[in-house]
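For clarity, every value in this text was computed on a predicted model and none was experimentally measured.
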Amino acid sequence: MQYGKFITFEGIDGAGKSTHLAWLEHFLQDKGLEVVVTREPGGTALGEALRLLLLDHRQAMHPETEALLMFAARREHLDKVILPALERGAWVISDRFTDASFAYQGGGRGIALEKLEALEQWVQEAFSPDLTVYFDVPVVLGRERVQSTRATDRFEKETDLFFEHVRQAYLQRARQFPQRIRVVDGSQPLEAVKTAVAEVVENFWSDQADP
Ligand code: TYD
């Protein structure tokens, strides 16, 4: 049985990942694949319980506690959902993964890269996504979209400066891993973003079929 592939979607809050995630799920199902769609923090019963604590704006916590809880949820997610699915040949799509920890806890909260790298090594060893689609949007646009669609959680209540740091950290990751992380301009009209995502995914797909 061939191992499945692991695809992640990233972006600041309000970057517009969700619509495209549903599209990708159908694209892969149409290829006859088993597709598992999941998210972080979350994806397991324990992970979803941790998510409630992490996103609750009444729940203050030390930045390192926040980082440790993100990785604790991820450890469970890998063990219970991601790795078993890949092992049985399913393709897994996750709404966020470790790049979000480097962006939010690293860039946003200012936790040292070495600390996050140590957690990454502990929890994942050499494992990382096969493809990451990063939706890049200016901070003001992300904020407008979040405020027009829902009540804000603990992260969404952060300042524009926080999100500027998160965005810059994502862009830095994209420069560091240009093969894996594909940047899509999420500020374009929906149809144009869809086309850009489709191009990234179709390129990835043909690379798999014809390595
Ligand atoms: P998000 O994925 O945006 O969900 P929703 O669309 O329901 O708001 O919310 C998850 C939040 O968690 C988001 O603000 C980013 C944050 N986060 C981190 O800070 N670090 C991480 O490692 C992960 C996975 C998420």
Side-chain angles (χ1 to χ4, degrees), residues 6-22 25 36-83 85 92-113 115-120 122-124 129 132-170 173 186:
F6 182 40
I7 302 178
T8 61
F9 277 23
E10 298 283 355
I12 63 168
D13 289 87
K17 301 169 272 113
S18 314
T19 326
H20 306 291
L21 214 134
E25 180 183 10
V36 173
V37 175
T38 186
R39 67 172 179 182
E40 288 208 349
T44 64
L46 176 57
E48 291 294 328
L50 291 172
R51 179 188 178 92
L52 286 178
L53 291 171
L54 281 160
L55 267 55
D56 183 351
H57 60 86
R58 294 160 305 185
Q59 181 65 64
M61 65 182 79
H62 189 283
E64 291 186 355
T65 307
E66 184 180 285
L68 289 163
L69 290 178
M70 291 291 179
F71 276 96
R74 183 161 301 132
R75 183 69 191 86
E76 201 62 16
H77 197 200
L78 280 164
D79 184 55
K80 300 285 187 317
V81 178
I82 301 172
L83 296 178
V92 179
I93 312 171
S94 186
D95 189 343
R96 302 190 183 283
F97 193 64
T98 307
D99 294 311
S101 300
F102 281 92
Y104 282 78
Q105 282 66 54
R109 303 280 189 231
I111 293 182
L113 229 56
K115 287 189 176 173
L116 297 172
E117 281 165 356
L119 289 174
E120 181 186 33
W122 184 13
V123 167
Q124 294 162 231
T132 297
V133 184
Y134 166 61
F135 294 83
D136 187 49
V137 295
V139 170
V140 281
L141 180 58
R143 184 169 298 286
E144 268 169 30
R145 287 181 181 166
V146 166
Q147 285 174 345
S148 65
T149 52
R150 54 182 185 248
T152 48
D153 64 36
R154 198 167 61 84
F155 290 100
E156 290 160 354
K157 288 192 185 304
E158 283 296 338
T159 61
D160 284 357
L161 184 63
F162 174 88
F163 282 107
E164 197 49 60
H165 290 153
V166 173
R167 183 186 185 199
Q168 292 310 322
Y170 268 130
R173 296 279 292 171

So which atom in [X] and which in [Y] form the shortest heavy-atom distance, rounded to 0.1 Å?
X: Lys80; Y: Thr44; result: CB-CG2, 3.9 Å
X: Tyr134; Y: Gly11; result: CE1-CA, 3.7 Å
X: Pro41; Y: Leu55; result: CG-CD1, 4.3 Å
X: Ala85; Y: Val92; result: CB-CG2, 3.6 Å
X: Gly43; Y: Thr38; result: CA-OG1, 3.4 Å

**Report entry** side-chain contact (heavy atoms from CB on, under 4.5 Å) assessment of Met61 paired with Leu54
**Finding:** CA-CA 9 Å; Met61 65 182 79; Leu54 281 160; 3.9 Å; yes
Report summary line: Test side-chain hydrogen bond (donor to acceptor under 3.5 Å, both in side chains), reference Thr98, set Glu10, Gln124, Arg173, output is Gln124
Requested in this report: Please confirm whether the backbone N or O of Glu144 pairs with a side-chain atom of Ser148, one donor and one acceptor, at under 3.5 Å?
Outcome: yes
Query raised in the report: Does the Thr159 side chain pair with the main chain of Phe162, one donor and one acceptor, at a distance under 3.5 Å?
Result: yes
Query raised in the report: How far apart are the C-alpha atoms of Glu66 and Arg154, what are their side-chain angles, what is the distance that settles it, and do they pass the salt bridge (charged side-chain N to carboxylate O under 4.0 Å, His left out) test?
Result: CA-CA 11 Å; Glu66 184 180 285; Arg154 198 167 61 84; 2.9 Å; yes
Return the set of residues passing side-chain hydrogen bond (donor to acceptor under 3.5 Å, both in side chains) with [X] (not counting sequence neighbours), or none when no residue passes.
X: Gln168; value: Glu164
X: Asp56; value: Arg58
X: Glu120; value: none
X: Asp153; value: none

Requested in this report: Would you check if there is a donor-acceptor pair between the side chains of Thr8 and Thr132 at a distance under 3.5 Å?
Outcome: yes
Requested in this report: State, without any angle test, whether Gln147 and Thr152 hold a side-chain donor-acceptor pair at a distance under 3.5 Å.
Outcome: no
Nearest-0.5 Å distance, [atom1] of residue [X] to [atom2] of residue [Y]:
X: Tyr170; Y: Asp136; atom1: OH; atom2: CG; answer: 11.0 Å
X: Ile12; Y: Lys17; atom1: CD1; atom2: NZ; answer: 10.5 Å
X: Asp99; Y: Glu40; atom1: CG; atom2: CD; answer: 10.5 Å
X: Glu64; Y: Leu116; atom1: CD; atom2: CG; answer: 9.0 Å

Query raised in the report: Within 45° of the six-membered ring axis of Phe9 and under 6.0 Å from that ring's centre, is NZ or CZ of Arg96 located there?
Result: no
Of all residues at least two apart in sequence or in a different chain, which pass the side chain to side chain contact (heavy atoms under 4.5 Å, CB included) check with [X]?
X: Arg39; result: Glu48, Arg51, Asp95
X: Val140; result: Pro138
X: Ala169; result: Ala103

Mind checking ring-ring contact (aromatic ring centres under 6.0 Å, His included) for [X] and listing every partner two or more places apart, or none if nothing turns up?
X: Phe163; value: none
X: Phe102; value: none
X: His77; value: none

Query raised in the report: Between Arg74 and Ser101, does a side-chain contact (heavy atoms from CB on, under 4.5 Å) hold up when you go through it step by step?
Result: CA-CA 10 Å; Arg74 183 161 301 132; Ser101 300; 2.9 Å; yes
Query raised in the report: Is the shortest distance from a Lys or Arg side-chain nitrogen in Arg145 or Glu156 to a carboxylate oxygen in the other one below 4.0 Å?
Result: no
Requested in this report: With the side chain counted from C-beta on, respond yes when Trp122 and Arg75 share a heavy-atom pair under 4.5 Å apart, and no when they do not.
Outcome: no
Query - Selection residues 140-161 - residue pairs positive for ring-ring contact (aromatic ring centres under 6.0 Å, His included), sequence neighbours left out - result: Tyr104-Phe155
Query raised in the report: Taking only residues at least two apart or on different chains, which pairs with a member in residues 48-74 satisfy ring-ring contact (aromatic ring centres under 6.0 Å, His included)?
Result: none
Requested in this report: Output, in order, the C-alpha distance, side-chain angles, deciding distance and verdict of salt bridge (charged side-chain N to carboxylate O under 4.0 Å, His left out) for Arg109 and Glu158.
Outcome: CA-CA 10 Å; Arg109 303 280 189 231; Glu158 283 296 338; 2.8 Å; yes
